[in-house]
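Taking it in order: structure first as structure tokens, then the write-up.
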Amino acid sequence: MTQPAASPKGSATILLRHSIAVRYTAKRKERLPMVIKSLQAGRGIAALAVAVYHTYLILYQKTGVPQFSGVAQFGYLGVPFFFVLSGFIIALAHHRDIGQPAALRDYAFKRFVRVYPLYWFFSIFYVGAAAMGLGDPDFSWAPAHLVEDVLLVHFTPDFASPPLKVAWTLFFEIQFYFFFALAILSARLAWVAAAAWFVGLLFIPVTNRWLENFLSYWNLAFLCGIAAYVLFRRLPARWWWVFVVAAILCLAICFAQFSPLELRGRRNIGIVPVSIGFGALMLGLALFEKERNVHYGRVIMLLGDGSYALYLVHSAVISVAVALYVKLHFTRMIPPSIAFFVILAVAVIGGIVAHLVVERPFMAWVRRNRRRGRQSEGAPASSLGSA
């Protein structure tokens, strides 16, 4: 019996979903954990690396004495690692939702509660302190800019930096979430949007900050993460070492060819090979864990679990600690090289406390209430999931 021809929309949906989805065979059904420990540990190391970079930067700005600059400046690379990891994790968590518009509500809810409440909570503290004359209110009070900062969406051509400086990365994160939402609505629409973006990247001149963000090479990091996940689902675990070696070689070449400054910025080409290297590294680590039980220390896993809270609060904690270090004349008693590690430790402890006291209880509350709501609607237990 002749099968009816698939519609173009249906073909696009099948192509994208099947490129990411799990493949079941008659011999074996592959079931992988939603949390890959190696990547969770990597998340914690990346958050620590960014904290090292900001400790170096803020201490240098206030004292004029650079500490461990040869190593600390590369801590900035925690940012592209986070972006690549985000692409991988979103594909892992939502690949079955592609081409399923009914799944958009659940996707939007999960992404919202994961990013916005904690960001708003700490931003309110920062803005409140600035309004009372505490800290450096080096952000725009213009209503349009504040609305952008609340929504984490840029719509003015020359936007200002957000009050919580590290939140600039969240604008890219939300931009990526919107793109993935297109894939959930329609796989064909996502392919068209991606093609249009690549055309813009090649041919549209960057004339303002909005275009600089929208056409930034940072966005390719998320796509590298998705590509790594696609390969992760398709390749056998025994190939893990190939990608780990390739990642080490790629990243080593990047570090040799590009200065730390060339690995930053929205339009620096060095971001691309670094993102590819991190994608290969994640792929290798994930493949290694595919058929093996791995164990990491409790501290590194706690850093991974609390990486978002650590990322949000560490810069403000470092700024306060450095200000006290200078204003109270501790510079006379404690050398900057020692102060560097003390301030870094305070920032990390502050981030972990924020995770344990604020983030973890909030997310547990969200999960409990969501579970009750789903149960009251008669949803099966298997559909409850985490936020």
Side-chain angles (χ1 to χ4, degrees), residues 41-79 81-82 118 121-139 161-169 255 259-261 263-264 296-359:
R43 189 199 300 268
I45 294 171
L48 182 61
V50 174
V52 167
Y53 169 73
H54 283 132
T55 302
Y56 152 78
L57 183 64
I58 296 171
L59 194 60
Y60 181 33
Q61 289 172 342
K62 297 299 182 180
T63 66
V65 181
Q67 299 296 323
F68 313 108
S69 58
V71 175
Q73 290 187 76
F74 285 100
Y76 188 89
L77 295 179
V79 170
F81 184 92
F82 277 129
L118 201 65
F121 181 83
F122 291 117
S123 292
I124 288 171
F125 273 95
Y126 192 91
V127 172
M132 292 186 294
L134 303 174
D136 298 320
D138 53 346
F139 57 90
S161 297
L164 208 59
K165 291 294 179 287
V166 294
W168 70 266
T169 60
F255 297 158
S259 70
L261 287 176
L263 297 175
R264 300 204 296 268
Y296 294 93
R298 300 174 74 176
V299 173
I300 193 66
M301 294 306 293
L302 180 60
L303 277 176
D305 294 341
S307 58
Y308 183 47
L310 172 58
Y311 182 77
L312 288 178
V313 307
H314 78 272
S315 184
V317 173
I318 292 168
S319 295
V320 171
V322 171
L324 292 174
Y325 173 66
V326 173
K327 290 182 179 180
L328 299 180
H329 304 292
F330 284 126
T331 51
R332 300 173 182 174
M333 298 179 287
I334 305 175
S337 58
I338 302 299
F340 179 96
F341 291 103
V342 173
I343 293 168
L344 175 62
V346 170
V348 172
I349 292 171
I352 296 302
V353 169
H355 166 65
L356 296 176
V357 175
V358 180
E359 182 185 24

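Hydrogens, waters and symmetry mates play no part in the numbers below; they use all other heavy atoms, side chains included.
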> Checking side-chain contact (heavy atoms from CB on, under 4.5 Å) for the pair Phe121/Leu312: CA distance, chi angles, key distance, verdict?
Replying inline: CA-CA 10 Å; Phe121 181 83; Leu312 288 178; over 6 Å; no
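- Side-chain atoms of Val79 and Trp168, non-hydrogen and from C-beta on, do get closer than 4.5 Å to each other.
- Rounding to the nearest 0.5 Å places OH of Tyr325 at 7.0 Å from OG1 of Thr63.
- Other residues, nucleotides and ligands contribute only 12 or fewer heavy atoms inside 6.0 Å of the OH atom of Tyr60.
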> Taking it one step at a time, do Phe255 and Leu263 satisfy side-chain contact (heavy atoms from CB on, under 4.5 Å)?
Replying inline: CA-CA 9 Å; Phe255 297 158; Leu263 297 175; 4.2 Å; yes
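- Taking OG from Ser307 and CG from Leu302, the interatomic distance works out to 10.0 Å, rounded to the nearest 0.5 Å.
- Considering every non-hydrogen atom in both Pro163 and Tyr126, the closest pair reads O-CE2, 3.0 Å.
- The OG1 atom of Thr55 lies 3.5 Å from the CD1 atom of Ile318; values are rounded to the nearest 0.5 Å.
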Return all side-chain donor-acceptor pairs below 3.5 angstrom for residues 64-73, not counting sequence neighbours, or 'none' if the list is empty.
{"unit_1": "Gln73", "atom_1": "NE2", "unit_2": "Ser69", "atom_2": "O", "d": "3.2"}

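- We find the OG-NE2 distance between Ser319 and His54 to be 9.0 Å, quoted to the nearest 0.5 Å.
- Minimum heavy-atom separation, Arg43 to Phe81: N-CE2, 3.9 Å.
- In terms of heavy atoms, Val348 sits closest to Leu310 at CA-CD1, 3.7 Å.
- To the nearest 0.5 Å, atom OH of residue Tyr53 and atom NE2 of residue His314 are 10.0 Å apart.
- To the nearest 0.5 Å, atom CD1 of residue Ile45 and atom CG of residue Leu303 are 8.5 Å apart.
- Scored by the side chain to side chain contact (heavy atoms under 4.5 Å, CB included) test, Ala309 finds Leu118, Ala354, His355, Glu359 as partners (sequence neighbours excluded).
- Heavy-atom minimum distance, Ser315 versus Val166: CB-CG1, 3.9 Å.
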>> Would Phe330 and Val342 count as a side-chain contact (heavy atoms from CB on, under 4.5 Å) here? Give the steps.
In response: CA-CA 12 Å; Phe330 284 126; Val342 173; over 6 Å; no
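- Phe139 places none of its side-chain heavy atoms less than 4.5 Å from the side chain of Ser161.
- Across every non-hydrogen atom of Val313 and Gly351, the tightest pair is CG2-CA, 3.4 Å.
- Minimum heavy-atom separation, Ile343 to Ala321: CG2-CB, 4.0 Å.
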Under 3.5 Å, which donor-acceptor pairs link side chains of residues 331-339 to any protein atom two or more places apart or in another chain?
none

